[in-house]
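The structure appears below as structure tokens.
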2 protein chains.
Amino acid sequence: MEKIDKMDLKILSELQEDARKSLREIAEKLGVTEATIYNRINKLKKLGVIERFIPVINYSKLGYDLIAVIGITAKGGKVVEVEKLLAEMPNVTAVYDVTGEFDVIAVSKFRDRDSLNEFVKNIGKLEFVEKTYTMLVLNVVKETHMIDLSELIE
Amino acid sequence: MEKIDKMDLKILSELQEDARKSLREIAEKLGVTEATIYNRINKLKKLGVIERFIPVINYSKLGYDLIAVIGITAKGGKVVEVEKLLAEMPNVTAVYDVTGEFDVIAVSKFRDRDSLNEFVKNIGKLEFVEKTYTMLVLNVVKETHMIDLSELIE
DNA sequence: ACTGAAATTGGTTAGTT
DNA sequence: AACTAACCAATTTCAGT
């Protein structure tokens, strides 16, 4: 399909600042018309570069105060099965297949200690799970979900 | 103004589906007027429940194909300094202060092996860093940045 | 707090260069 | 691929309840 140029990256960068920013505002800033921005954003969605638009919610303010990073080792060759099970769980926000001591790293958020404990115990009991290593998050220092694109623009 | 009720959670849930969804659409779905949705969203922003709106970008399609989860141990009492340095780095998307073998877990994304190698080496050289453990991400199984709020709504 | 309507601003489409 | 221009839709404000 089509190629991503600097105008596209600039639009992405504007949306990173505020995804509800109006097309008109972006257009003015980048010196093109609204229709151009409109078409470019549609192109980026079609290409799958923009997957969706989401609110960044402070889940802590909704009571989700407990975060755990969990390392999991699967029983021989069963990594994919374990990952699938983890990915289905609504409290799990990230599942990474990784190299090293663990096969999988999962990030999960809970409203109370009981839910977290139950979750960890259940994972440990899963048929294909060899061992788990739970790291309780004491403080979220950074969580942007984004990469600064400025190095690609100039 | 203060407390978060079920209407607020329903609005958040609608925005999780699509943060650029129009106030009119949300209003119709929830059986109230646009102005109500408008005021509620502003309340949620003011309360810090909604921090911002962002596009979910497929960074892999922009060339950021290398992801690493890095465990870091800081030298005696210097955890905060290490975290601060990590948080300042543009390629680092998450920094968690954790319990266990490591003091800090960082997630970072790169465009090439050299950048990643350089990054890991630089971290290892930092004054306050005792040791690092790099887990290369082979596959992103899940990365939603969101928690399903339905358990709080009904 | 919510509504309803007015005023303002934004999104979308078609046609043109 | 981007612009103009028109049209329609959505956002924001505010008086009234």
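In what follows, every heavy atom counts, from backbone to side chain, and hydrogens, waters and symmetry copies are set aside. Naming: A, B, ... by sequence-line order, numbering from 1 per chain.
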Between atom [atom1] in [X] and atom [atom2] in [N], what is the gap in whole Å?
| X | N | atom1 | atom2 | answer |
| --- | --- | --- | --- | --- |
| B/Asp5 | C/dC2 | CG | C1' | 13 Å |
| A/Lys45 | C/dT12 | NZ | P | 7 Å |
| A/Ile41 | D/dA1 | CD1 | P | 16 Å |
| A/Glu25 | C/dT9 | CD | C1' | 12 Å |
| B/Phe53 | D/dT11 | CZ | P | 11 Å |
| B/Ile37 | C/dA1 | CD1 | P | 15 Å |
| A/Lys21 | C/dT9 | NZ | C1' | 16 Å |
| B/Leu15 | D/dT11 | CG | C1' | 14 Å |

Given side chains that start at C-beta, do those of A/Glu81 and A/Leu126 come closer than 4.5 Å, heavy atoms only?
-> no
Of the listed nucleotides ([options]), which one gets closest to any side-chain atom of [X]?
| X | options | value |
| --- | --- | --- |
| A/Thr36 | C/dG11, C/dT3, D/dA2 | D/dA2 |
| A/Arg40 | C/dG11, D/dA2, C/dC2 | D/dA2 |
| B/Thr33 | D/dT13, C/dG4, D/dT4 | C/dG4 |
| A/Arg20 | C/dT13, C/dG4, D/dT11 | D/dT11 |
| B/Arg24 | D/dA2, D/dT11, C/dG11 | D/dT11 |

Main-chain N/O of A/Leu136 paired with B/Thr99 side-chain donor or acceptor, under 3.5 Å | yes
Expected output: side-chain B/Tyr59 to main-chain A/Ile147 donor-acceptor under 3.5 Å = yes
Would you tell me if any nitrogen or oxygen in the side chain of B/Ser22 comes within less than 4.0 Å of OP1 or OP2 on D/dA9?
-> no
Select from B/Leu23 and A/Val32 the residue whose nearest nucleotide in DNA chain D is closer to the 5' end of that strand.
-> A/Val32
Just wondering, more than 12 heavy atoms not from B/Lys131 lying within 6.0 Å of its NZ?
-> yes
Do the rings of A/Phe102 and A/Tyr133 sit parallel, tilted or perpendicular, given the 30° and 60° boundaries?
-> parallel
By nearest-nucleotide position on DNA chain C, the 5'-leaning member of B/Glu34 and A/Asn39 is B/Glu34
